[in-house]
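Just so you know, these numbers use all the heavy atoms, side chains as well, and skip hydrogens, waters and symmetry mates. Note that the structure is a prediction, hence the values are computed from the model and not measured.
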Amino acid sequence: MSNEKVARVLYEIADLLEIKGVEFKPVAYRRAARNIEELDKDIEEYLKEGRLREIPGVGEAIAKKISEIIESGELNYLKELREELPAGLLQLIEVPEIGPRTVMRLYKELKITNLHELKRAAEEHRIRRLKGFGDRSEEIILKGISLLEHRTGRMLLGYAYFYGKAIVDYMIAAGGYSLISTAGSLRRMKETIGDIDILVGSDEPEKVMRVFVENPRVSEVIAKGDTKSSVRLEEGVQVDIRVVSTDSYGAALQYFTGSKEHNISLRSLAIEKGLKINEYGVFKKDANERIAGRTEEEVYAALGLEMMPPEIRENRGEIKASIEHRLPTLVELGDIKGDFHVHSTMSDGGATVEEIAQDAVKRGYEYIGITDHSESLKVARGVAKEDLKRNIEKVREISEKTGGIRVLMGAEVEIRNDGILDYPDSILKDLDFTVGAVHSGFKMSEKDMTERIVTAMSNDYLTILAHPTGRVLEQREPHQVDVDTIIDTASEKGVFLELNALPERLDLNDLNCRKAKEKGVTIAIGTDAHSLAQLNYMMFGVATGRRGWLEKSSILNTRSLKEVERSLGI
DNA sequence: GCCGTTTTCGGCCCGACTGTTTTCAGTCG
């Protein structure tokens, strides 16, 4: 029974209780579920060791339910809840603008139990007859259903980032705003983004609203108020904007950056200190006197906290770390001195080694690693053994010719099903470094996959394990592998773990990066670029590392060329 | 249902926008 499965049961209970109108319990169940999802150990171990109640948010009642879930595979309490309410109601709360209260009313008064019935009721104008509903309500419901039917899921950070930047740039050009930023999960650089949030500090809010909705890329204005508006772009992306007065900008930026969990903790801390915090500032609770709000630093300082980077505001210990003055000094893009995962025209990349080398010089890199695919990955024009030797010579020549940078010759070598690498050691020894990767045979059991990867890591020539969990966001689940064992093996054998910076991978993810760091494993960030433009993905790798609390010292490519040569033994 | 350097009981984050019911509940972030 995985942590995710246990969490899913608790989430379902929360949803059902919420529809029933039960207060406070849904929040409690969700909190427990979220903390279980983020545990770095198997929940069954907690059960075995009798330590369930050490998990934040898990008390006597939930601990008992978790035991039942793990031991019997099901939960009577959930069964009973499900019997009380039709299963389709859970779909209904997914419809935007429909919440638990509305679901219950529609069920009680119109016997609506699923999406299909809701759609029909709206089309037949039966909903507008209910007290508190009108024709607009029906329109909104129908639009919500349509959106749900066509939803594309969450957007990858790699796309959202550029949409957000385009909107901000437009606002700056069209309105000359200087206090403007993305906020929300985009500013925290989460791997996937729901809506894009923008914040502006201005004392002419109505003008900001006008400029915002008049952006030619806007296809639909969802809501337009005095200080808050929402639009949809032609691409289907929802963008929300808020305006606050210039002297509240810091408080608002803090507030709208979140995360929600981070803010809730901050509020509790404020209450303990006799303060109140909202998007307008920090106030003394009794006197209602404002003591901070112009900048984020001010807001945190008013709570006795050091300023913390947006990427770690997830309520994962950053507030405690801030109180104790042990916040990490996170890695920055400017610390990066090279890239360890780049494909060239020698396999399926779009740029030649010369072009890549020159581009890397422009980026100020000291080194760049070429890692074309190995022989058996035919779909990616994997390089045959005979050709590899010639390629090595060629890359050495280019490296010597290109001033100011060393081009490191590597390869992204297939890890076969038995854990053996796709090139023999006699060839690997001539490379500067070797990146091992799983690109096939995903459906192995966790035990077999873990063994396969550990075997590969035991090869002395394996330098970096590429995209260790194999996930492809919104497309493919990570393969079944015991990440803890991989991290321990990396620590023991001195293998570097990759943080693959492709927006659809970002693998290792933030939580695993943090785990690896705690075990003393060094991370190598690689863009996996297949074109010069994709070398820019380094920023998303760095962002994900920052979310995983990574500092410069835990990352291979912050080291100078000399140090890297020493690390690689070349 | 959880939780506690004010609390083992009584709290549980806070405000904007919308539609509709002309004073507010519901939803969202």
Side-chain angles (χ1 to χ4, degrees), chain A residues 10 13-14 17-35 52-66 77 92-106 127-141 143-144 183-188 193-199 205 209 221-231 238-244 248 251-252 254-283 285 303 315 323:
Chain A
L10 299 181
I13 292 173
L17 289 175
E18 194 155 59
I19 293 171
K20 281 182 67 179
V22 177
E23 280 191 297
F24 304 114
K25 290 188 190 187
V27 179
Y29 276 99
R30 287 203 184 98
R31 187 165 116 81
R34 181 176 187 268
N35 287 324
L52 282 176
R53 297 197 49 184
E54 289 175 23
I55 303 167
V58 175
E60 193 185 340
I62 293 186
K64 221 172 129 204
K65 292 190 174 73
I66 295 172
Y77 179 60
L92 296 184
I93 41 174
E94 300 284 317
V95 180
E97 311 298 325
I98 292 198
R101 332 286 318 175
T102 309
V103 169
M104 201 53 178
R105 279 200 60 199
L106 292 170
I127 292 175
R128 64 178 63 175
R129 288 187 224 135
L130 300 184
K131 197 165 176 234
F133 291 84
D135 51 348
R136 279 288 293 146
S137 318
E138 284 175 346
E139 270 177 50
I140 287 168
I141 287 172
K143 218 165 92 186
S185 53
L186 178 52
R187 182 160 181 249
R188 301 199 312 281
I193 310 293
D195 301 333
I196 292 174
D197 298 309
I198 309 279
L199 178 74
M209 292 292 107
V221 178
I222 300 167
K224 182 166 177 285
D226 296 339
T227 62
K228 181 181 168 183
S229 295
S230 294
V231 299
Q238 183 174 330
V239 185
D240 300 335
I241 196 166
R242 281 294 284 258
V243 192
V244 294
S248 291
Q254 191 293 311
Y255 181 88
F256 291 111
T257 297
S259 65
K260 196 171 161 186
E261 289 79 9
H262 175 88
N263 284 355
I264 288 172
S265 283
L266 230 49
R267 277 202 170 64
S268 307
L269 186 66
I271 292 168
E272 277 173 33
K273 292 178 181 289
L275 301 169
K276 187 183 82 155
I277 171 171
N278 59 26
E279 61 258 57
Y280 303 108
V282 183
F283 299 84
K285 191 125 197 170
L303 298 173
N315 200 30
I323 293 171

task: Take the protein atom CD of E272(A) and the nucleotide atom P of dT5(B), then report the distance between them rounded to whole Å.
output: 7 Å
message: For the C1' atoms, the ones on dT18(B) and on dT23(B), what distance do you get once it is rounded to whole angstrom?
response: 14 Å
message: When you measure from the side chain of Q238(A) to the backbone of S230(A), do you find a donor-acceptor pair of N or O atoms at a distance under 3.5 Å?
response: no
field: Side-chain donor or acceptor of R128(A) paired with backbone N/O of S137(A) under 3.5 Å
entry: no
field: Nearest-nucleotide comparison on DNA chain B, the residue closer to the 5′ end among A61(A) and L130(A)
entry: A61(A)
message: From CG of L92(A) over to C1' of dG26(B), roughly how many Å is that when rounded to an integer?
response: 16 Å
query: What's the closest nucleotide to the D197(A) side chain, out of dG1(B), dG29(B), dG26(B)?
result: dG29(B)
- request: Classify the nucleic acid contact of P96(A) as base, sugar-phosphate or nothing, counting any heavy atom under 4.0 Å across all strands shown.
  value: sugar-phosphate
query: How far, in whole Å, is dT5(B) from dG1(B) if one measures between their P atoms?
result: 23 Å
Pairwise P distance for dT6(B) and dC24(B), with rounding to whole Å: 36 Å
task: Tell me whether the OP1 or OP2 atom of dG1(B) has a side-chain N or O from K65(A) closer than 4.0 Å.
output: yes
message: Quick check: on DNA chain B, is the nucleotide nearest V95(A) upstream (toward 5') of the one nearest I62(A), or the reverse? Name the residue that is more 5'.
response: I62(A)
- prompt: Side-chain contact, heavy-atom cut-off 4.5 Å: D226(A) with P205(A)?
  reply: no
task: Using a 4.0 Å cut-off on protein heavy atoms (strictly under), produce a 5'-to-3' string for nucleotides 9-19 of chain B with B for base contact, S for backbone-only sugar-phosphate contact, and - for none.
output: ---BBBSSSSS
message: Main chain of P56(A), side chain of N35(A): is a donor-acceptor contact present, judged purely on distance under 3.5 Å?
response: yes
- request: Taking atom P in both dG15(B) and dG10(B), compute the distance separating them and give it to the nearest angstrom.
  value: 25 Å
- prompt: Using a cut-off of 4.0 Å on non-hydrogen atoms, how would the nucleic acid contact of I98(A) be classed: base, sugar-phosphate, or nothing?
  reply: sugar-phosphate
- prompt: Which whole number of Å gives the distance between the P atom of dC3(B) and that of dT8(B)?
  reply: 16 Å
statement: Whole-Å distance, I141(A) CD1 to dG26(B) P, equals 14 Å
field: dT27(B) versus dT20(B) - spacing of their C1' atoms, nearest Å
entry: 15 Å
message: Without decimals, in angstroms, what is the distance between R105(A) CZ and dT20(B) C1'?
response: 12 Å
field: Whole-Å gap separating P (dT20(B)) and CD (E97(A))
entry: 12 Å
Between C1' of dT27(B) and CD of E18(A), the distance in whole Å: 11 Å
- line: In whole angstroms, the gap separating C1' of dC28(B) from CD1 of I93(A) amounts to 14 Å
query: With side chains defined as the heavy atoms from C-beta onward, is the minimum distance between D240(A) and K228(A) less than 4.5 Å?
result: no
task: Please state how far atom NZ in K64(A) lies from atom C1' in dC2(B), giving the value in whole angstrom units.
output: 16 Å
- line: Residue set satisfying salt bridge (charged side-chain N to carboxylate O under 4.0 Å, His left out) with E23(A), at least two apart, ordered chain then number -> none
- prompt: Side-chain contact, heavy-atom cut-off 4.5 Å: I98(A) with V103(A)?
  reply: yes
- request: Tell which nucleotide pairs with dT8(B), taking only Watson-Crick or G-U wobble pairs whose two distances are both under 3.5 angstrom.
  value: none
message: Is any side-chain heavy atom of E279(A) closer than 4.5 Å to one of R242(A)?
response: yes
